Peer 1: 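Before we start, here is the structure in question, set down as structure tokens.
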Amino acid sequence: MNKFSSLINNVTGPEEDVVISSSISLARNLVDFPFPVKFNNDDGEKVRLLVFDAFSQIKNAENFRCVCVHDLEPLGQKILLEREIISSVSFTNPDSAIAIKLEGSTFCRINENDHVLLNVTVPGKNCKTAYKIAKSIDDELQQYLQFASSVNFGYLTSDFNNLGTGLKIKYKLHLPSITRSGLIEKVFKDLLAQGISIKYHHNEQKTDFALGSLYDISNEFSMEGTEEQQIQKISNIVENLIYTERKTRNELLAKMPTIMQDYVQRSYAMLKYSKIISYEEAMQSLSSLKCGVDMKLVFGVNSSQLYSLFQMIQESYLRYLLKSEELVFEDDISTEDIKVNRLRSMIIQDIISKIKLST
Amino acid sequence: MLCDVCKINEAIMFVRQISKNKITEFHLCKECGLKKGFTTDKKNEFSLENLLSGVVDSDTDKVCYVCGTSFRYIKENKKVGCAECYNCFEKEITFILHSMGIKDFYTGSMPHKIKYFKSTLTDRILLQQKLDKAIEEEDYEKAALYRDRLKILNKSSIALGDGDEE
């Protein structure tokens with residue numbers, strides 16, 4: 001039963017009680033081809049081959065695997081979609097592809113909205129490191145590819161939002177206390193005024209609330225200032241959010257200790273004793289449990305383990321496990337849908353088995 | 001809720017104005033809204049729609065000479081079709097960016113190699129047109145010449161342009 005813990009990623013990052021991950025993406029286009037929406041004949045294929053070729057020549061090229069999105073089997077596509085490695089736009093172009101490092105934190109979308117979209121994700125609040133990695137790959141690619149630019153507009157991209165540095169800085173935050181205290185509406189307004197976009201994570205599912213209190217925060221435009229200034233601006237804002245979240249957390253705990261204990265322990269009971277659990281239920285409860293870890297009401301599990309659970313219990317990945325692993329289920333767990341929900345609770349219970357509650 | 005201006009009538013519209021680092025919100029009744037120029041009547045030169053789209057009177061039928069994207073498309077979608085669009089619609093795009101609140105000059109980094117800025121994209125498209133025409137006129141000698149040059153252009157990933165390489 002204990003084999004699931006080996007699948008859990010245990011890498012930790014700075015400020016990980018609030019910031020799940022930081023990612024940097026760089027949008028680039030080759031000079032000699034129209035942008036993907038305007039591809040003619042075999043433009044898409046040529047761009048793809050040129051970018052694949054560039055990736056095969058860079059340092060540590062053997063770490064990158066290049067594949068066409070349409071060559072993947074449907075389940076593989078869905079897992080990549082779940083992990084935000086490809087987007088739904090990728091399916092509209094027959095020549096869209098990815099170059100991906102095996103551990104999955106660094107990847108490049110080819111022929112999505114732009115010819116090249118390089119993405120680096122690191123755990124915790126660490127955008128500077130992510131940018132360094134992304135920039136070094138960009139520098140290497142530039143030895144083999146000429147990217148379109150102009151003096152007035154910087155790097156040229158299909159979308160005005162990325163025009164300029166082509167840089168998109170995204171922080172994935174877990175804000176249970178701010179959400180619970182109702183401050184989140186004010187946060188939305190404040191960020192909007194500063195040109196920062198905030199979205200519910202997992203927007204593909206179109207919920208009207210943030211499932212698991214997860215939010216994506218990113219810069220709206222890439223035109224103003226240098227790359228470093230853009231990173232600094234959004235980092236300062238995230239710094240403030242971290243401060244507010246921690247302050248609110250302490251206030252909640254001081255003002256209503258019994259209510260918070262109930263909130264956390266109820267979720268723990270749900271995760272520990274349910275046999276069949278849906279994704280939405282699991283996310284909400286795991287989010288409360290994570291809140292309990294931060295409030296020191298729960299011991300025996302850390303933030304990064306819970307964050308990787310967020311990712312592991314997604315639908316398509318569980319379907320993949322069902323196919324590839326030999327798992328034994330009870331007799332009445334017969335259809336695939338119910339097996340997915342059963343497996344989800346098995347994995348969660350394996351990971352949280354060592355949890356102790358404070359009294 | 002009462003109108004924020006006259007404080008007598010019931011407010012029927014809600015206006016949120018976003019400028020740099022500041023959001024102003026106010027509720028207006030119909031009369032006060034009209035006085036301030038908020039109307040959805042398209043004929044009115046200063047209607048809400050025109051006000052928001054920024055450009056009141058510009059040539060929306062102009063198209064990019066390389067990829068054929070129309071300015072109307074660019075304005076509506078805030079997206080372009082190719083790198084040359086930025087050259088072709090430079091003034092118009094600067095105007096749109098202004099209306100989106102982007103006013104500063106670009107100060108970030110640039111590609112390592114900036115060659116004479118003439119991409120092979122334009123060359124390729126012109127050559128393709130010449131090739132098609134030559135085939136149509138059954139001038140195969142010329143056609144072969146164009147085809148060979150196209151082949152070379154299609155293979156190069158870095159624009160050779162006519163400028164000096166650094």
Side-chain angles (χ1 to χ4, degrees), chain A residues 28-43 46-47 49-51 53-54 113 115 135 138-139 142-161 163-167 189-190 192-195 220-230, chain B residues 16-25 64 66-69 73-75 77-87 90-91 93-94 96-97 100-115 117-125 128 153-161:
Chain A
R28 301 284 188 251
N29 285 284
L30 309 192
V31 275
D32 302 333
F33 298 90
F35 296 157
V37 277
K38 286 283 172 185
F39 273 164
N40 283 318
N41 310 324
D42 50 356
D43 282 343
K46 281 181 197 146
V47 170
L49 292 175
L50 284 169
V51 179
D53 190 49
N113 287 318
H115 295 150
K135 191 65 201 151
D138 179 51
D139 285 344
Q142 290 204 15
Q143 291 174 23
Y144 311 103
L145 301 168
Q146 174 71 48
F147 292 137
S149 67
S150 90
V151 180
N152 291 338
F153 299 123
Y155 286 98
L156 304 177
T157 57
S158 77
D159 203 310
F160 288 166
N161 290 350
L163 188 63
T165 54
L167 179 67
K189 266 192 203 164
D190 285 354
L192 192 68
Q194 299 184 57
E220 196 111 34
F221 303 115
S222 318
M223 195 67 181
E224 290 175 306
T226 62
E227 282 88 342
E228 286 74 16
Q229 286 167 339
Q230 290 173 3
Chain B
R16 176 183 282 173
Q17 184 183 355
I18 302 175
S19 49
K20 251 191 176 174
N21 305 327
K22 206 174 102 190
I23 294 189
T24 349
E25 289 172 350
C64 169
V66 173
C67 66
T69 306
Y73 174 88
I74 295 179
K75 200 171 108 180
N77 297 287
K78 309 270 190 286
K79 276 183 184 153
V80 298
C82 71
E84 287 297 324
C85 288
Y86 286 105
N87 211 357
E90 192 178 341
K91 262 189 209 150
I93 289 176
T94 313
I96 297 178
L97 292 178
M100 291 162 77
I102 302 170
K103 296 197 169 95
D104 296 353
F105 288 108
Y106 180 66
T107 49
S109 75
M110 292 290 273
H112 300 301
K113 299 176 194 162
I114 305 172
K115 295 190 179 147
F117 196 77
K118 180 179 170 220
S119 70
T120 47
L121 177 62
T122 33
D123 290 356
R124 268 180 9 144
I125 284 163
Q128 186 71 48
L153 285 183
N154 280 339
K155 270 186 196 153
S156 67
S157 58
I158 292 189
L160 290 172

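Labels below follow one simple rule: chain letters A, B, ... track the order of the sequence lines, proteins then strands, and each chain is numbered from 1. Here the structure is a predicted model, which means the values were calculated and not measured.
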Peer 1: Between A/Glu227 and B/Gly108, which heavy-atom pair has the shortest distance, and what is it?
Peer 2: OE1-CA, 3.8 Å
Peer 1: Name all residues meeting the ring-ring contact (aromatic ring centres under 6.0 Å, His included) criterion together with B/Tyr106; count only those two or more places apart in sequence or in a different chain, and write none if there are none.
Peer 2: none
Peer 1: Pick whichever of A/Glu220, A/Arg28, A/Lys189 has the most heavy-atom pairs under 4.5 Å with chain B.
Peer 2: A/Lys189
Peer 1: Please round to the nearest 0.5 Å and tell me the distance separating atom CG of A/Asp139 and atom OG of B/Ser109.
Peer 2: 8.5 Å
Peer 1: Should A/Asn152 and B/Tyr86 count as side-chain neighbours, where that means a heavy-atom distance under 4.5 Å?
Peer 2: no
Peer 1: Assess the residue pair A/Lys38 and B/Thr69 against the criterion (side chain to side chain contact (heavy atoms under 4.5 Å, CB included)); give the C-alpha distance rounded to whole Å, side-chain angles, the decisive distance to 0.1 Å, and a yes or no.
Peer 2: CA-CA 8 Å; A/Lys38 286 283 172 185; B/Thr69 306; 3.1 Å; yes
Peer 1: Counting heavy-atom pairs under 4.5 Å with chain A, which one of B/Cys85, B/Gly81, B/Cys64, B/Cys67 comes out on top?
Peer 2: B/Gly81
Peer 1: Less than 4.5 Å apart, any side-chain heavy atom of A/Ser149 and any of B/Met110?
Peer 2: yes
Peer 1: Decide yes or no for B/Ile93 and A/Phe153: does some side-chain heavy atom of the first lie under 4.5 Å from some side-chain heavy atom of the second?
Peer 2: yes
Peer 1: What distance separates B/Ile74 CD1 from A/Ser158 OG, expressed to the nearest 0.5 Å?
Peer 2: 11.0 Å
Peer 1: Atom OG1 in B/Thr107, atom CD in A/Glu224: separation rounded to 0.5 Å?
Peer 2: 9.0 Å
Peer 1: Tell me every residue that passes ring-ring contact (aromatic ring centres under 6.0 Å, His included) with A/Phe221, counting only those two or more places apart in sequence or in another chain.
Peer 2: none
Peer 1: With a 4.5 angstrom heavy-atom cut-off, could you sort out which part of A/Asn41 is near chain B: side chain, backbone, both or neither?
Peer 2: neither
Peer 1: Which pair of non-hydrogen atoms, one from B/Pro111 and one from A/Gln142, has the smallest distance, and what is that distance?
Peer 2: CA-OE1, 3.3 Å
Peer 1: Does the side chain of A/Leu163 reach to within under 4.5 Å of the side chain of B/Leu97, using non-hydrogen atoms?
Peer 2: yes
Peer 1: Nearest heavy-atom pair of A/Pro34 and B/Cys82: which atoms, and what distance?
Peer 2: CA-CB, 3.7 Å
